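Numbers here are sequence positions counted from 1. Being a predicted model, the structure only gives us computed values, none of them experimental.
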Amino acid sequence: MSESYLIPAAELLIEEEIKNSRFISCIFHCQSAIAFKCVLTNLKAEYPGANHYCYAFVAGAPDDSINIGSSDDGEPSGSAGRPMLASLQGSNIGEIGAVVIRYFGGTKLGVGGLVRAYSSGLKKGLPQLETQLKQIRYPGFLVCGYHQLKDVEHLFSLFDVVIEDKAFTEQISIQFAIPKRFKKDLNQELATISQGLLVAVYE
């Protein structure tokens with residue numbers, strides 16, 4: 001599994017007129033199928049009365065083949081959703097969704113023409129899409145003394161660790177997430193500052 005991948009940082013709209021039909025391609029960040037449905041519902045409200053709202057999404061890493069989906073929304077089978085999904089999967093961008101809204105202009109395009117039309121906005125938009133790097137982090141757990149917390153937090157900052165929860169009892173229990181490549185280094189540094197007493201446990 002990749003330790004990091006690109007995800008959309010902003011929504012992008014591409015509008016085209018193809019043989020009198022209006023095609024509006026919307027590309028956006030999509031972390032889950034549920035989040036995708038929310039965006040689709042909003043777009044249907046924003047662009048009411050369209051003939052088709054075809055879509056595709058990859059709601060995970062770019063190579064995720066499980067959390068994906070597509071729909072032709074009434075267009076001929078295979079003419080919209082699948083070509084759109086192929087464009088997204090070929091972009092090497094994760095957590096990405098796309099909806100292409102079509103207002104029919106009276107001229108039939110045929111299956112080949114529809115494939116080109118529904119892919120067109122994505123092919124133009126994906127290269128100009130603003131992206132950011134998502135770091136994959138793995139869960140970990142550490143118990144330390146109150147006197148050690150400052151040193152532990154300093155090490156966490158060096159190793160790109162995100163603290164998710166702290167529980168203050170007799171000692172401090174910390175739940176965190178860390179990039180895979182730093183797991184071993186963190187434990188080496190924890191051992192150094194605590195004479196071998198501090199050890200992070202990873203799930």
Query raised in the report: Can you check whether Lys150's main-chain N or O pairs, donor with acceptor, with Glu153's side chain at less than 3.5 Å?
Result: no
Report summary line: What one should report as the nearest heavy-atom pair of Gly94 and Pro62 is N-CG, 3.6 Å
Report task. Mind listing the closest non-hydrogen atom pair of Ser87 and Leu126 along with its distance? Result -> O-CD1, 3.6 Å
Report summary line: So CG of Leu6 and CD1 of Ile93: to nearest 0.5 Å the spacing works out to 6.5 Å
Requested in this report: Determine whether Leu155 and Ile193 make a side-chain contact, defined as any pair of heavy atoms from C-beta on separated by less than 4.5 Å.
Outcome: yes
Query - Close side-chain approach of Leu198 and Gln148, heavy atoms under 4.5 Å - result: yes
Requested in this report: Take His29 and Ile96 through the test side-chain contact (heavy atoms from CB on, under 4.5 Å) and record every step on the way to the result.
Outcome: CA-CA 5 Å; His29 183 222; Ile96 185 168; over 6 Å; no
Query - Flag if over 12 foreign heavy atoms under 6.0 Å of CD, Gln195 - result: no
**Report entry** Residues clustered with Ile101, ILVMFWY side-chain links under 4.5 angstrom
**Finding:** Leu13, Ile24, Phe28, Phe36, Val39, Leu40, Leu43, Tyr47, Tyr53, Tyr55, Phe57, Val99, Tyr103
Report task. Report the C-alpha distance between Gln171 and Tyr146 in whole Å, list the side-chain angles of each, state the deciding distance to 0.1 Å, and finish with yes or no for side-chain hydrogen bond (donor to acceptor under 3.5 Å, both in side chains). Result -> CA-CA 6 Å; Gln171 291 185 297; Tyr146 283 77; over 6 Å; no
Query raised in the report: Once you round to the nearest 0.5 Å, how far does CZ of Arg82 lie from OG of Ser70?
Result: 7.5 Å
Requested in this report: Could you check if a side-chain atom of Glu130 sits within less than 4.5 angstrom of a side-chain atom of Pro8, using non-hydrogen atoms only?
Outcome: no
Query raised in the report: Take atom NZ in Lys19; do more than 12 heavy atoms of anything else shown fall under 6.0 Å from it?
Result: no
**Report entry** Verdict with reasoning, Phe176 to Phe156, per ring-ring contact (aromatic ring centres under 6.0 Å, His included)
**Finding:** CA-CA 9 Å; Phe176 64 88; Phe156 279 5; 4.9 Å; yes
Query - CA sep, side-chain torsions, deciding dist, call: Lys184, Glu189, salt bridge (Lys or Arg N to Asp or Glu O under 4.0 Å) - result: CA-CA 9 Å; Lys184 188 176 175 185; Glu189 292 299 323; over 6 Å; no
Requested in this report: Measure the OG-CG distance between Ser4 and Leu133 for me, rounded to the nearest 0.5 Å.
Outcome: 4.0 Å
**Report entry** Atom pair CD1 (Ile27) and OG (Ser25), whose distance is rounded to the nearest 0.5 Å
**Finding:** 6.5 Å
Query - For Phe141, the rest of its hydrophobic cluster, which grows through side-chain links under 4.5 angstrom - result: Val143
**Report entry** Hphob cluster co-occupancy, Ile174 + Phe168, side-chain heavy atoms under 4.5 angstrom
**Finding:** yes
**Report entry** Ile68 reachable from Tyr5 in the ILVMFWY side-chain graph, under 4.5 Å edges
**Finding:** no
Query raised in the report: About how many Å separate CD1 of Ile178 and CD1 of Ile163, when rounded to the nearest 0.5 Å?
Result: 11.5 Å
Report summary line: Excluding Ile34, membership of its hydrophobic cluster (Ile, Leu, Val, Met, Phe, Trp, Tyr; side-chain heavy atoms within less than 4.5 Å) reads none
Requested in this report: Could you tell me whether Glu170 atom CD has more than 12 heavy atoms of other residues or ligands within 6.0 Å of it?
Outcome: no
Query raised in the report: Should Lys134 and Gln31 be marked as a side-chain contact (heavy atoms from CB on, under 4.5 Å) after you check the CA-CA gap, both sets of side-chain angles, and the distance that decides it?
Result: CA-CA 12 Å; Lys134 175 167 180 169; Gln31 283 183 286; 4.1 Å; yes
Query raised in the report: Taking Gln128 for the side chain and Lys124 for the main chain, is one N or O donor matched with an acceptor at less than 3.5 Å?
Result: yes
Query raised in the report: Looking at the rings of Tyr138 and Tyr202, which for Trp means the six-membered one, are their centres under 6.0 Å apart?
Result: no
Requested in this report: Compare every heavy atom of Asp64 with every heavy atom of Val58, then report the nearest pair and how far apart it is.
Outcome: CG1-O, 4.1 Å
Requested in this report: Among Glu15, Glu17, Glu16, find the residue that satisfies the salt bridge (charged side-chain N to carboxylate O under 4.0 Å, His left out) test when tested with Arg22.
Outcome: Glu15
**Report entry** ILVMFWY cluster, Tyr118 and Leu85 together (side-chain gap under 4.5 Å)
**Finding:** yes
Query - Side chain Thr41, main chain Lys37, donor-acceptor under 3.5 Å - result: yes
Report task. Spell out, as yes or no, whether a donor-acceptor pair under 3.5 Å connects the side chain of Asp165 to the backbone of Gln175. Result -> no
Query - Point-to-point distance, once rounded to the nearest 0.5 Å, from OG of Ser173 to NZ of Lys166 - result: 12.0 Å
**Report entry** Side chain Asp72, main chain Ala80, donor-acceptor under 3.5 Å
**Finding:** yes
Requested in this report: Examine distances only and state if a side-chain atom of His52 and a backbone atom of Asp73 form a donor-acceptor pair shorter than 3.5 Å.
Outcome: yes
Report task. Spell out, yes or no, whether Val115 and Val100 are grouped together once hydrophobic residues are joined by side-chain heavy atoms under 4.5 Å, including indirect joins. Result -> no
Query raised in the report: Is Arg102 reaching over with its side chain to a backbone N or O of Ala117, donor-acceptor style, under 3.5 angstrom?
Result: no
Query raised in the report: Can you name the nearest heavy-atom pair linking Val152 to Leu190, along with the distance?
Result: CG2-CD2, 4.2 Å
Report task. Identify the two heavy atoms, one from His154 and one from Ser157, that lie closest to each other, and give their separation to 0.1 Å. Result -> O-OG, 2.6 Å
Query raised in the report: So do the side chains of Gln135 and Asp160 get within less than 4.5 Å of each other, counting heavy atoms only?
Result: yes
**Report entry** Val161 with Leu158, same ILVMFWY side-chain cluster at under 4.5 Å
**Finding:** yes
Report task. Say whether, by atom type as modelled, one donor and one acceptor occur between the side chain of Ser119 and the main chain of Arg116 under 3.5 angstrom. Result -> no
Query raised in the report: Going through the checks in order, is the side-chain contact (heavy atoms from CB on, under 4.5 Å) test met by Arg137 and Val162?
Result: CA-CA 8 Å; Arg137 292 181 173 85; Val162 175; 3.4 Å; yes
Report summary line: For Leu186 and Ala200, the nearest pair of non-hydrogen atoms, with its separation, is CD2-CB, 4.5 Å
